[in-house]
Amino acid sequence: MRIVLDMDTGVDDAIATVLAMNSPEFEIEAVTTVAGNAPVVQCTRNSLLITELIEPWNPPPVAHGACEPLVHPLIIAPEVHGHDGLGGLLDTLPTPHHAADTRPAVELLAAIPHDGPDDVTLIATGPLTNLAVALRIDPTAMAAYRRIVIMGGAFDVPGNTGPVAEFNFYVDPEAASEILASGLDITIIPLDVTTSMALTRTALESLVQSGGRTDIPAPARPGRNLAAILYRALDYYMDFQKDQSGLDGGFMHDPLAVAVALFPSIITTKPASIEILTNGPERGRSLVHSPVDGRTVNIAVGLDESTFHQILEERVLSPVWA
Ligand code: RIB
Ligand code: CA
């Protein structure tokens, strides 16, 4: 399965990247970055770093995308992901060896479906700014994606950016509104399912210890850079969650979007049309309406949590830490 990953590369986007690159079913055509969790310069740097640290060395092209939303000023989430998007340890992170692709993200998003049979799946785990611009400039290309899986929205659960909004849709509500009204083949992975299971610190610690690598949190050792970086990034990410809710773990929002592209049957969905509020006190809120021809999307409403956790264990936790 050919895929494109559009990401605001923070901690859970990084884990999603590892899941995608450790899944032989995928051929990753490109990673495109967008401002969200961190400024897009950091997101691009993070994607360059993570993709080149996964063995065997085979990093996909990483293309630099939108530095701000369509209308509103950029909101980032350093309290959740660190000022650099990977736990706030920018000064200790290695500098990526390979450079970003020379083409802008939107150019790749619009070009890739044209270069072969329409079997490319697009997985978007950040604000939808790049996708909205690509839809404006080349709607035929965007319609050629076989499927678009989007992490975003909150329907029957509280928001994580204010009381009702989910972060990706809050940062760029206009982009979310345009994409969700486009009639493209879209599956939405909202907080309703991504917060039904968390990666606990206990699960992570037990794996790190069982792998015998008690030095993982130490400064990155050659060959173990990825483990050290992701361990420290998750440590920061989980600390925030613990302060917020007492949960000693972290939600794997973006890895679930990748897992759904791999194994669609781990979720149950329902068709609906979605209204996104773009201004006012409920900016970013996603409202469910009955399906409307030409703007119906599939919303994930149920998750096979144990299978998702097993996918994370087999394709992320064990390869990285055991
Ligand atoms: O609301 C969670 C989403 O916002 C995740 O994709 C996280 O990485 C942030 O982008
Ligand atoms: Ca994200």
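Both ligands and their constituent atoms are indexed starting at 1 by order of listing.
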Inset, instruction - Give a yes or no on whether D243 atom CG has more than 12 heavy-atom contacts from other residues, nucleotides or ligands under 6.0 Å away. - result: yes
Inset, instruction - Indicate the atoms forming the closest heavy-atom contact of T195 with D192, along with that distance. - result: OG1-O, 4.2 Å
Inset, instruction - Take the angle between the ring planes of H81 and Y237 and call it parallel below 30°, perpendicular above 60°, tilted in between. - result: tilted
Legend entry - Any N/O pair H253/ligand 1 closer than 3.5 Å: no
Inset, instruction - Heavy-atom contacts with E166 under 4.0 Å: which atoms of ligand 1 show up? List them by number with element. - result: 1 (O), 2 (C), 3 (C), 4 (O)
Legend entry - N160 and ligand 1 - part of the residue with a heavy-atom distance under 4.0 Å: side chain
Inset, instruction - Determine, stepwise, if the pair R146 / D119 fulfils salt bridge (charged side-chain N to carboxylate O under 4.0 Å, His left out). - result: CA-CA 5 Å; R146 185 180 73 164; D119 68 340; over 6 Å; no
Legend entry - N, O or S of D12 under 3.0 Å from the Ca ion (ligand 2): no
Inset, instruction - Please work out whether any backbone atom (N, CA, C, O) or any side-chain heavy atom from C-beta onward of D13 is under 4.0 Å from ligand 1, and answer side chain, backbone, both or neither. - result: side chain
Legend entry - Among the N, O or S atoms of D8, the one nearest the Ca ion (ligand 2): OD1
Inset, instruction - Identify, by name, the N, O or S atom of D254 lying closest to the Ca ion (ligand 2). - result: OD2
Inset, instruction - For F167, counting its heavy atoms only, list the atoms of ligand 1 lying under 4.0 Å from any of them. - result: 1 (O), 4 (O), 9 (C), 10 (O)
Inset, instruction - May I ask you to check if R283 and Y170 form a cation-pi contact, with NZ or CZ under 6.0 angstrom from the six-membered ring centre and within 45° of the axis? - result: yes
Inset, instruction - Could you tell me whether H97 atom NE2 has more than 12 heavy atoms of other residues or ligands within 6.0 Å of it? - result: no
Legend entry - N298 CG to T269 OG1 distance, which is reported to the nearest 0.5 Å: 4.5 Å
Inset, instruction - State whether T125 contributes an N/O/S atom found under 3.0 Å from the Ca ion (ligand 2). - result: yes
